[in-house]
Amino acid sequence: MATTIPAPPASALELAEKNFRPAAVEADLYEWWERSGFFKPDEGSHERPFVMMLPLPNVTGDLHLGHALGFGGYEDLIARWHRMRGEPTLYMPGTDHAGIIAQYVVEQELAKEGITRQQLGREKVLEEMWKWMDHYRPRIEKQLRLLGCSLDWSRPNFTMEPSKQRAVRTHFIRLYKRGHLYRDDRIVHWCLQCQTTYSDLEVKHVERTDPLYYVRYPWAGAMPAGTPDVVVATTRPETIVADVAVAMHPDDERWKALVGKEVLVPIVERRVRIIADEAVDPSFGTGALKITPGHDATDFEIGKRHGLPVISVIDKRGMMTPAAGSLAGPDRDTARAMMVSKLRAKGLIVREEQVTHAIGVHERCGTVDEPLVMKQWWVRMDRLAPPAIAAVRDGRITIHPRYQEKVFFNWMENIRDWPVSRQIWWGHSIPAWFCRDCDAVIVPDEDAPDPTRCPKCRSDDIYQDPDVLDTWFSSALWPFTTLGWPDETPDLRRYYPGSLLETGYDIVFFWVARMIMMGLEEMGDIPFHSVYLHGLVRVGSVKMSKSLGNVVSPVGLIEEHGADALRFALVNGVAAGADSQLSQDRLDHARNFANKLWNISRFALRQIDEHPEAFHGHTADQRPQAMGDEARWILSRTDAAIAESSRLIEGYLFGEYLAALEGFVWGELADIYVELAKPSLRSGDATETVRTLAYALDRVLRLLHPSMPFITETIALQLWQRTGKSEPSASLVVSRWPEPGARDSALEERFAVFVDVVRTIRNLRQQAGLDPSARARVSLAGETASIRELLGQIGELTRSEVTVGRGEGTATVVRAIEVRLAAKRDAAGERERLERELALARDLVRRSRELLGREGFAEKAPKEVVEKERAKLAEREERVRLLEQEIRRLE
RNA sequence: GGGCAACUAGCUCAGCUGGUGAGAGCGUCUCCCUUACAAGGAGAAGGUCGCUGGUUCGAGUCCAGCGUUGCCCACCA
């Protein structure tokens with residue numbers, strides 16, 4: 001920690017308005033936190049560090065709500081909690097150069113000025129890319145600060161910075177030398193728009209209806225009479241010119257006898273064989289599939305199995321190549337129409353129908369996939385995947401919520417090799433050179449400079465692979481490149497492996513799985529111990545996406561409601577891993593809750609100001625030695641809230657944690673304790689009450705700080721300025737998370753009765769139509785022992801004089817206590833009400849008796865459960881008796 | 001085709017290791033500007049926890065089957 005800590009901002013110390021105004025304090029507080037070094041891990045600590053890497057946002061534009069959920073909602077909550085637990089906490093910032101997406105975005109910008117990347121050339125486009133990065137990186141970093149993320153900004157990271165380029169080069173070379181990387185001609189997804197390949201994961205399937213043509217392939221030789229025609233169904237007739245076979249399912253009785261015979265590919269008149277392959281679906285079309293290895297992934301695989309040649313008739317721009325013969329020249333759509341009319345002219349189209357099928361499109365731009373066969377770099381998965389599967393299988397890495405592990409296994413166990421070449425310009429260059437004279441592939445040694453001549457044939461006519469690497473190739477290394485790898489840095493030693501990886505479940509395959517594989521490969525150890533996967537945030541009920549134009553900027557929401565309200569609203573009450581939606585209601589509610597806390601604090605601070613003597617020799621963070629019931633009660637409940645909060649956060653139940661905390665702060669501290677505190681504050685000795693109020697507030701601020709850092713810090717500064725605190729920390733950020741004290745469950749049980757009685761009296765008052773501001777008289781009879789000490793408090797919350805004993809007036813029974821309010825009785829109406837209550841009460845008695853009388857219950861259920869049920873039955877029976885008595889009295 | 005999950009109040013959703021009048025927010029109704037807060041307070045109404053079986057003394061919670069919905073993966077031409 002910094003040796004001298006600057007003074008906290010005056011704005012936070014002075015804000016005293018009736019409503020909390022986030023804009024007045026947030027920027028100042030963040031700046032103070034950052035400048036004071038609170039977000040740097042304590043290097044001197046011997047505690048085990050907590051390490052979490054930011055899921056590096058793409059430098060493609062501003063942050064959206066999904067980022068706010070992950071970064072501000074979950075990660076910062078988790079980081080702040082660990083920091084408060086005394087763990088040296090490293091929440092590592094960084095951004096991603098975002099390869100294809102970023103280049104696509106910048107190209108769109110250029111297109112607005114009518115410029116294409118080809119016109120500009122590689123150098124200039126890269127200049128534009130860097131300009132974009134230089135513009136958006138600070139903006140993104142600013143937005144992370146607005147969210148309140150406690151990132152260690154002294155350790156900035158960017159995937160394209162020189163140190164990362166060196167790391168990627170090293171990694172590539174090592175993978176290559178170890179045999180995990182190979183180069184091969186294989187079919188890949190090609191984007192005509194982006195002019196690059198992409199991986200299976202980046203293919204989106206969309207439903208589309210297209211004409212399905214049934215095309216007859218004439219027999220090559222004479223066939224016996226009655227031999228059926230071979231008819232294939234296709235949506236892509238333009239690829240017929242690249243057909244090299246027709247395939248049937250081996251078990252298809254219709255065609256079995258014809259396997260091995262030859263047909264003529266229409267128009268090109270090529271003789272091809274009929275083959276049998278399991279991949280053919282006999283129920284589709286006629287059960288005969290045309291095989292086009294050059295332009296279909298399935299066909300490519302089938303072709304490989306049968307040793308068929310590959311014919312490519314479509315080029316990278318989507319134009320028909322000379323190999324297409326009479327179709328050469330036009331684009332693929334025009335060629336399709338041309339082919340259809342040619343086939344029609346020859347009478348080869350036997351049928352045409354509409355078919356709805358799934359077609360692949362590039363998820364970034366929506367362009368229909370064009371499978372092409374190209375020479376590409378591939379990462380072999382056969383040896384990288386098994387250790388990653390094992391790490392999760394044997395629990396070295398746990399994924400929360402746990403069911404996501406099944407999803408992980410399902411994918412990893414069917415994983416396919418990963419194509420990592422991209423034909424764009426923005427990205428990590430590939431440290432591989434090719435020799436024009438002997439075709440050698442040259443990958444230099446790790447620390448060697450770029451090669452200048454071919455080691456095989458000594459030619460100096462070599463060139464570097466012009467492709468760049470998939471973005472995820474570099475982000476897979478994030479857990480260790482951020483720590484200085486491949487150098488053996490102190491950071492790498494201290495902070496690897498990390499503790500937790502928090503991200504959305506939608507990038508498990510893209511990123512999480514690959515980090516695990518590469519961590520194990522390069523570091524020989526898992527990259528993190530746990531993974532927490534949050535759900536997706538929707539706006540209203542619609543998924544947020546750029547194409548739908550409903551991307552919400554968190555910045556506007558922060559300006560309007562404050563970062564705390566946004567952070568709280570995004571997480572409160574959301575089940576682990578579940579998708580959620582952010583609505584105006586949720587935001588308003590969160591803001592209202594923040595305001596509630598603010599006003600509890602204003603009340604407490606005013607009381608402290610009026611009773612300064614309470615803090616001579618005592619501080620807000622010291623648990624007061626309370627005597628009074630209500631003080632002891634709220635202290636016990638505070639301890640319950642502490643224990644509950646810790647338990648829920650440890651269990652990754654963040655939504656529950658906030659919901660439970662809100663219930664405590666609003667429903668118990670504000671609605672009950674603050675009200676009970678008022679009379680004793682007016683009386684002579686307020687010391688105990690003020691101290692209790694301050695202490696409860698101090699605890700609540702700590703408990704809530706991980707989610708609502710700004711408001712809690714503002715209040716804490718104001719509180720501690722008045723009361724002092726025993727802990728030396730200058731800020732709530734680096735204060736200790738509370739430990740729960742001993743609870744008084746007997747007292748809590750008495751207060752549960754108390755709360756029931758209060759509600760019953762208030763209800764009775766309203767039913768009787770009493771003037772809300774008038775004082776009433778209430779008498780309690782029956783089993784009043786547990787609340788005998790709390791009569792004054794009951795009176796305080798119900799504006800009543802409360803006595804024990806028989807009284808007059810309108811009555812009801814709660815638990816086994818008769819409650820009577822001095823008011824005029826409406827005999828008929830009251831009788832009706834009491835009869836209704838009696839019926840319900842009898843039903844409850846019946847249920848209790850049934851449960852207790854059931855065979856096996858008394859023997860098999862835990863003793864406490866049986867005891868509790870017996871007590872409940874007794875109370876219910878007494879309530880029935882009292883209600884009956886009351887009804888009789890009405891007669 | 002394979003996998004994962006969801007189905008709880010009018011709406012949006014909690015309910016974690018099974019324990020018995022099923023919770024919240026919003027909305028609805030009644031009342032209240034009580035000097036911390038009207039961005040508030042008090043009270044109320046509202047649910048056969050998708051369906052059918054099973055396990056258990058006991059099931060919203062566990063198991064099986066079914067139905068509906070969503071998502072992911074996959075070589076639907």
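Since the structure is predicted, the reported quantities are computational estimates derived from the model, not experimental observations. Excluded from the calculations below are hydrogen atoms, water molecules and symmetry mates; all remaining heavy atoms, backbone and side chain alike, are included. Proteins get letters first, then strands, A, B, ... in listed order; numbering begins at 1 in each.
Shown here, B:rU52 forms a base pair with B:rA64; the pair counts as Watson-Crick or G-U wobble because both key distances fall under 3.5 Å. When Watson-Crick and G-U wobble pairs are counted only if both distances are under 3.5 Å, B:rU30 pairs with B:rA42. Pairing for B:rG18 is absent, with no Watson-Crick or G-U wobble pair whose two atom distances lie under 3.5 Å. B:rC76: no Watson-Crick or G-U partner with both key distances under 3.5 Å is found in any strand. Figure legend. B:rA5 is base-paired to B:rU69; pairs are counted as Watson-Crick or G-U wobble with both atom distances under 3.5 Å. When both distances must be under 3.5 Å, the Watson-Crick or G-U wobble mate of B:rA24 is B:rU12.
Across all strands shown, A:D299 has no heavy atoms under 4.0 Å from either base or sugar-phosphate atoms. A:D585 comes within 4.0 angstrom of the backbone, heavy atoms only, and of no base. A:A297 comes within 4.0 angstrom of no nucleic acid atom, judged by non-hydrogen atoms across all strands. Contacts of A:D200 with the nucleic acid, taken as non-hydrogen atoms under 4.0 Å apart, involve only primed sugar atoms and P, OP1 or OP2. No engagement by A:K290 is indicated, since no non-hydrogen atom pair under 4.0 Å with the nucleic acid exists. A:F509 comes within 4.0 angstrom of sugar-phosphate atoms only, judged by non-hydrogen atoms across all strands, and of no base. If you check every strand for non-hydrogen atoms under 4.0 Å, A:A576 touches nothing. Across all strands shown, A:E675 has heavy atoms under 4.0 Å from base atoms, whether or not it also approaches the sugar-phosphate. Looking at heavy-atom distances under 4.0 Å, A:S773 makes no contact with the nucleic acid at all. Within 4.0 Å of A:R647, counting heavy atoms only, lies at least one base atom of the nucleic acid. Among the heavy atoms of the strands, none lies under 4.0 Å from A:R846. Contacts of A:V674 with the nucleic acid, taken as non-hydrogen atoms under 4.0 Å apart, include base atoms. Among the heavy atoms of the strands, none lies under 4.0 Å from A:A659. Within the 4.0 angstrom heavy-atom criterion, no nucleotide atom of any strand lies near A:K204.
Test A:D698, A:L701, A:L704 against A:I715 for side chain to side chain contact (heavy atoms under 4.5 Å, CB included) and you get one pass: A:L701.
Minimum interatomic distance between A:R336 and A:R236 (heavy atoms only, all atoms of both residues): NH2-NE, 3.7 Å.
The side chain of A:Q581 lies closest to B:rU12, out of B:rA77, B:rA36, B:rU12. Here B:rU34 is the nucleotide among B:rA74, B:rU34, B:rG21 with the atom lying nearest to any side-chain atom of A:R799. Closest contact between the side chain of A:N595 and the listed nucleotides B:rC57, B:rA39, B:rG43 involves B:rA39. Among B:rC73, B:rG43, B:rA36, the nucleotide with an atom closest to any side-chain atom of A:R759 is B:rG43. Distances from the side chain of A:L201 to the nucleotides B:rC73, B:rG41, B:rC16 place B:rC73 closest. Closest approach to the A:V280 side chain among B:rC73, B:rA77, B:rA36 is made by B:rA77 (side chain taken as heavy atoms from C-beta onward). The side chain of A:N410 lies closest to B:rG3 when the candidates are B:rG3, B:rU20, B:rG41. When distances are taken from the side chain of A:E656 to each of B:rG43, B:rU35, B:rG15, the shortest belongs to B:rG15.
Using C1' as the reference atom, B:rG23 and B:rA14 are 7 Å apart when rounded to the nearest Å. B:rG18 and B:rC76 have their P atoms separated by 42 Å, given to the nearest Å. When the C1' atom is compared between B:rG15 and B:rG54, the two are found 24 Å apart, to the nearest whole Å. Taking atom C1' in both B:rU12 and B:rG27, one finds a spacing of 11 Å when rounded to whole Å. Between B:rC13 and B:rU52, the distance separating the two C1' atoms is 27 Å to the nearest Å. Atom name C1', nucleotides B:rG47 and B:rA64: the rounded distance is 26 Å, in whole Å.
Distances shown here put a side-chain N or O of A:K406 below 4.0 Å from the OP1 or OP2 atom of B:rA5. Residue A:N592 has no polar side-chain atom (N or O) positioned under 4.0 Å from OP1 or OP2 of B:rC37. Dashed line: the shortest gap from a side-chain N or O of A:R765 to OP1 or OP2 of B:rG43 is not under 4.0 Å. In terms of phosphate contacts, A:H357 brings a side-chain nitrogen or oxygen within less than 4.0 Å of OP1 or OP2 of B:rA77. The phosphate of B:rG41 has OP1 or OP2 within less than 4.0 Å of a side-chain N or O from A:W666. Put simply, A:K596 has a side-chain N or O that comes within less than 4.0 Å of OP1 or OP2 on B:rG41. Between A:K678 and B:rU35 there is no side-chain N or O to OP1 or OP2 distance below 4.0 Å.
Note on ring orientation: taking the six-membered ring where Trp is involved, the planes of A:W598 and A:F20 are tilted (angle from 30° to 60°).
Nearest-nucleotide assignment on RNA chain B puts the 5′-proximal partner with A:R854, out of A:R854 and A:R236. Nearer to the 5' terminus of RNA chain B, by closest-nucleotide assignment, is the contact made by A:G573 (compared with the other of A:G573 and A:R591).
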Check against side chain to side chain donor-acceptor pair (under 3.5 Å), A:Q718 and A:S601: CA-CA 9 Å; A:Q718 298 195 15; A:S601 308; over 6 Å; no
task: Evaluate the criterion salt bridge (charged side-chain N to carboxylate O under 4.0 Å, His left out) for residue pair A:R606 and A:D609; output intermediate values, then yes/no.
output: CA-CA 5 Å; A:R606 184 183 297 182; A:D609 286 340; over 6 Å; no
field: Chi angles and distances behind the salt bridge (charged side-chain N to carboxylate O under 4.0 Å, His left out) call for A:R847, A:E850
entry: CA-CA 5 Å; A:R847 286 166 65 159; A:E850 216 172 82; over 6 Å; no
- prompt: Are A:R647 and A:E656 close enough, and set up right, to give a salt bridge (charged side-chain N to carboxylate O under 4.0 Å, His left out), and what steps lead you there?
  reply: CA-CA 10 Å; A:R647 188 180 69 83; A:E656 282 286 299; over 6 Å; no
message: A:D281 vs A:H249, test: side chain to side chain donor-acceptor pair (under 3.5 Å). Steps then yes/no.
response: CA-CA 7 Å; A:D281 174 5; A:H249 193 275; over 6 Å; no
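Under 3.5 Å, the side chain of A:K18 and the base of B:rC37 form no donor-acceptor pair of N or O atoms. Under 3.5 Å, the side chain of A:Q766 and the base of B:rU30 form at least one donor-acceptor pair of N or O atoms.
Environment of CD in A:E610: crowded, with over 12 heavy atoms of neighbouring residues, nucleotides or ligands closer than 6.0 Å. A:E855 CD: 12 or fewer foreign heavy atoms inside a 6.0 Å radius.
Rounded to whole Å, atom P of B:rA74 lies 14 Å from atom CG of A:D417.
Ion pairing of A:E301 with A:K304 is absent here, as no side-chain N (NZ or NE/NH1/NH2) approaches a carboxylate O to less than 4.0 Å.
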message: So if I define the base as every atom that isn't primed, P, OP1 or OP2, how would nucleotides 61-69 of chain B read as a B/S/- string at a heavy-atom cutoff under 4.0 Å?
response: ---------
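Counting heavy atoms from C-beta on, the side chains of A:V407 and A:V508 never come closer than 4.5 Å.
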